[in-house]
Amino acid sequence: MRKTSTTPGTPATLSDTQAALSSGTPRAIVGIGASAGGLEALELFLSGVPAGSGLAYVVVQHLDPVHKSIMVELLQRSTAMPVVEVTDRLRVEPDHLYIIAPDRDLSILHGVLHLLEPAAPRGLRLPIDFFLRSLAADQQANSIAVILSGMGADGSLGLRAIKENAGAVFVQDPDSAKFDGMPRSAIDGGLADVVAPAEELASRILDYRRHAPLQVAPPELSFSDPDGSALEKIVLTLRAQSGHDFSFYKKSTIYRRIERRMSLHQLASIADYVRYVRYNAHEAQLLFKELLIGVTSFFRDPAVWEQIESEAIPALLAAHPQGATLRAWTPACSTGEEAYSLAMAFRDTIERIKPEARFTLQIFATDLDSDAIDRARAGEFPDSIAADVSQARLRRYFVERDGGYRVCKEIREMVTFAPQNLVMDPPFTKLDLLTCRNLLIYLEADLQKKLLPLFHYSLRPGGILVLGSAETVGAASDLFTAWPGKTRIYQRRESSPRTEPVDFPATIYGRARKGLAEPAAPASLAQPGGSSVQTLIDSLLQQRFSPAAVLTTDKGDLIYISGKTGKYLEPAAGKANLNVFAMAREGLAGALNEVFARVVREQGSQVLRGLRVGSNDGALLVNVEVHSLQEPAPLRGMVLIVFSDQPAARAKTPRKGQLAGAEAERMDAMTQEIAQSREELQRAREEMQTSQEELKSTNEELQSTNEELQSTNEELTTSKEEMQSMNEELQTVNHELSATVDELSQASDDMKNLLNSTDIATLFLDDDMRIRRFTNRITGIIKLIPSDAGRPVTDLVSTLDYPSLAEDAREVLRSLVFREVQVSALDGRWFTVRIMPYRTQDNRIDGVVITFIDISVSKKRWNAPCGSATSAFASPSNTRR
């Protein structure tokens with residue numbers, strides 16, 4: 001089989017393209033965004049597209065919504081591919097060029113183009129962003145974005161979606177673009193994979209696609225297989241060059257990013273890429289940036305922000321005295337949109353519910369990417385943020401600057417930005433609010449389990465944690481209480497029985513490094529909000545109970561012990577476990593477990609009477625009361641277990657020697673049967689708990705995977721400044737008209753050359769006998785220069801003996817009957833002067849055309865036999881017909 005010309009190591013063949021063509025499915029779909037100056041750039045781009053590329057191309061421009069576009073006709077001249085204006089439900093085919101229809105938004109689903117009514121009014125549209133986001137969600141790794149000449153920042157949001165889905169971004173070199181706004185916005189945002197002149201982009205795209213991409217969803221890898229070993233080496237290289245460890249990022253995320261870089265460099269295997277990264281520090285830096293690319297926007301997930309403003313912030317304000325300072329932390333803040341959104345939401349809430357209050361909010365925003373932190377500190381954003389920020393907030397919290405917006409001083413001073421490694425660096429503490437959205441989905445489950453106790457440690461009692469729409473606290477449900485709804489807002493529990501230290505594995509082999517953070521100690525009774533727990537429980541026991549009791553969470557973890565409970569509870573052997581079920585003595589655990597679950601579910605009370613607790617030689621008869629507490633409020637949701645002995649406190653079992661032999665044997669058999677049943681029950685309970693933990697872990701993984709899929713389909717509301725968009729529409733129309741003018745200029749040049757080639761002197765006059773145009777030959781008869789255009793013909797010097805030229809021209813213009821006259825010149829030459837009306841294409845008379853044909857030679861021959869004949873024609877009056 002004959003291979004195409006490719007980079008060495010690339011396995012693409014002609015059959016790949018032929019297979020795509022035969023199936024009617026393009027190998028990839030290229031979304032092209034262009035605006036002002038885009039026509040010329042598009043023509044240059046298409047000049048580099050070869051026949052049979054197997055790709056499909058979709059052009060999205062800012063078109064005038066009223067006038068019919070002629071882009072199809074203009075671009076058809078630049079390519080042999082069929083150029084089609086998009087109609088609704090049009091299936092994309094390879095080697096076709098599709099042009100967006102005017103006054104429509106364009107979307108794609110399963111390779112079919114759909115036209116939509118614009119959601120925004122005229123002038124407030126971002127059609128390029130709209131299509132590129134749709135293209136990224138539909139085609140994922142087979143999506144390619146091209147940004148050509150244009151003003152503004154339309155396309156930047158769509159490019160983020162393309163890169164998030166492992167697509168590629170190609171941008172025209174700003175120096176070669178007539179308007180560099182759109183290309184420069186893409187480059188400044190760190191979104192461009194390739195920057196080149198428009199005529200080179202097509203070949204670069206084909207080189208990129210010629211490399212057969214790896215699987216988008218790679219199989220589960222281990223560090224023992226070759227790919228896993230290669231991933232390990234790349235992680236080590238990144239750690240050596242950047243100082244940051246990516247070993248606990250999900251392998252699928254790293255794999256997908258590496259796949260994109262391999263495709264861009266046409267590398268055949270991941271081992272080749274390992275060698276390339278090791279000897280190319282710049283590529284390691286690019287991969288580092290690729291792994292950190294942030295998908296963020298102002299007020300992302302409006303439902304979450306609505307609940308933060310309506311419930312979370314008011315609850316925090318109610319828990320603080322007048323004039324207090326609240327603290328918030330936004331890890332993985334990227335370029336700052338999340339932190340600034342929180343600042344604006346806080347100010348709006350204060351003005352809505354407590355305008356006279358003087359609360360302040362101190363926000364700490366951190367990220368691993370120092371470049372993103374620098375951009376966040378600047379607080380400057382493109383005009384496309386109008387899609388996410390309301391006009392009221394734009395006027396209130398932003399200042400227009402250099403075609404974009406800059407956050408006002410009031411909001412900027414509320415946020416402190418700093419680079420931080422969330423795993424290695426110490427956290428912020430005593431926080432009221434912590435928003436960490438869509439970070440956990442990129443991390444392995446082990447690291448997630450380490451971060452959540454860290455967040456619990458950082459928050460004050462009653463503090464609020466906000467996670468992404470597909471993130472949960474998972475196994476840390478004993479640390480946080482979920483708020484109603486699907487917004488993933490959690491509140492820190494008042495206390496926690498956990499005593500294990502918070503540590504972070506520090507190597508790619510999973511070994512833990514101790515001491516990187518403070519241990520997540522249990523919430524002390526001396527902490528604010530928990531200082532009265534002892535007083536409350538003692539008061540409650542004095543009023544209603546007197547025997548030994550324990551206070552637990554709804555999971556059975558001990559929080560507080562009152563009285564002597566050694567007769568009923570005993571620490572289990574092995575690692576310390578402060579769970580009431582693990583500590584319950586023989587005869588108590590089984591019955592208590594069943595009743596406890598019912599009490600928590602029904603939020604009521606249950607009493608167990610006459611339980612035999614302990615061994616046969618010293619068993620106790622015990623009454624156990626289990627209460628789900630609703631009052632007082634600080635104890636709500638907890639469980640109180642009270643132990644009391646029956647009046648006959650000790651029920652001694654008769655010794656076996658005092659019983660008859662048959663009874664003794666029966667007693668032994670029953671005792672063994674009961675012991676065996678208890679052991680089986682205990683094993684079943686342990687297996688059930690193990691299964692529950694495994695199911696929770698599996699559920700977390702599924703939810704994280706679901707977030708990765710959902711993040712590619714997130715809706716971003718977009719809009720456009722009206723004057724900017726109208727200007728771009730006018731620019732597009734202007735370029736279309738320029739193309740038409742070029743055609744007319746070409747026709748004019750053709751006509752001029754035709755007239756000059758006939759060697760006939762020709763003069764064009766308008767209705768007022770002013771010179772409109774003339775051929776070069778006329779200058780030998782009438783003294784004309786180019787600047788004489790527009791002057792009356794009567795003002796010019798002529799060598800002709802024809803003083804009535806202007807009068808005859810007016811007569812022809814009046815009667816519409818042509819006139820032909822033979823006249824002589826002062827130098828002895830003779831001319832046939834023909835005057836005809838000038839008719840336009842719509843049959844309108846718009847002046848006259850005068851031609852001068854030199855007949856000197858034929859005149860001399862005719863006049864030679866008769867000597868006086870020449871003088872007979874000397875006077876124009878004698879030569880008129």
Side-chain angles (χ1 to χ4, degrees), residues 296-333 336-355 357-366 388-390 393 396-397 411 414-416 427-440 451-452 454-473 476-477 479-494 523 527-529 633-634 636-637:
T296 184
S297 62
F298 284 96
F299 299 99
R300 188 182 187 185
D301 297 329
V304 176
W305 287 104
E306 182 178 348
Q307 189 169 6
I308 289 176
E309 292 187 60
S310 62
E311 300 179 25
I313 295 178
L316 293 175
L317 296 178
H320 287 75
Q322 177 79 5
T325 298
L326 283 70
R327 291 163 60 88
W329 181 23
T330 304
C333 69
E337 287 89 336
E338 184 93 355
Y340 288 130
S341 298
L342 179 59
M344 289 185 279
F346 181 81
R347 295 308 312 164
D348 287 346
T349 304
I350 289 289
E351 294 176 0
R352 187 179 71 254
I353 64 175
K354 291 186 177 181
R358 295 186 178 181
F359 289 101
T360 57
L361 177 64
Q362 184 178 15
I363 303 173
F364 302 98
T366 62
D388 304 304
V389 184
S390 66
R393 280 176 169 152
R396 172 73 171 82
Y397 299 119
I411 297 300
M414 293 175 63
V415 188
T416 301
F428 295 92
T429 58
K430 298 181 180 180
L431 301 172
D432 298 285
L433 181 63
L434 196 159
T435 61
C436 181
R437 300 203 295 157
N438 303 316
L439 169 65
L440 300 182
L451 287 178
L452 289 168
L454 178 69
F455 293 163
H456 180 272
Y457 171 73
S458 300
L459 288 166
R460 288 173 175 165
I464 294 174
L465 171 67
V466 184
L467 298 180
S469 58
E471 297 171 334
T472 66
V473 295
S477 57
L479 303 179
F480 299 94
T481 302
W483 280 23
K486 299 181 180 180
T487 51
R488 299 296 191 266
I489 298 179
Y490 300 86
Q491 190 163 20
R492 184 191 192 274
R493 288 183 181 268
E494 294 296 332
Q527 290 178 327
R636 184 174 301 148

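With Glu471 contributing its side chain and Arg437 its backbone, the two residues share no donor-acceptor pair below 3.5 Å. Using modelled atom types, one side-chain atom of Arg460 and one backbone atom of Lys430 make a donor-acceptor pair closer than 3.5 Å.
Contact check for Ile489 versus Glu311: no side-chain heavy atoms found under the 4.5 Å cut-off. Side-chain contact between Thr366 and Phe428 is present, with heavy atoms from C-beta onward closer than 4.5 Å. Val415 places none of its side-chain heavy atoms less than 4.5 Å from the side chain of Leu342. Counting heavy atoms from C-beta outward, His320 and Asp432 have side chains that approach closer than 4.5 Å. Looking only at side-chain heavy atoms (C-beta outward), Phe480 and Phe455 come within less than 4.5 Å of each other. Inter-residue side-chain proximity for Arg393 and Phe298 is flagged as unmet; no heavy-atom pair is nearer than 4.5 Å. No side-chain heavy atom of Ile313 sits under 4.5 Å from any side-chain heavy atom of Ile353.
If you run side-chain contact (heavy atoms from CB on, under 4.5 Å) between Arg327 and each of Leu433, Leu434, Leu431, Thr360, only Leu431 comes through.
If you check the side chains of Glu338 and Thr330, you find no donor sitting under 3.5 Å from an acceptor.
Electrostatic pairing of Arg396 and Asp348 does not count as a salt bridge here, judged by no charged N lying under 4.0 Å from a carboxylate O.
Of all non-hydrogen atoms in Leu459 and Arg492, the two that sit nearest each other are O-NE, 3.0 Å.
Counted within 6.0 Å of CD on Glu351, heavy atoms from surrounding residues, nucleotides or ligands total more than 12; the atom is thus considered enclosed.
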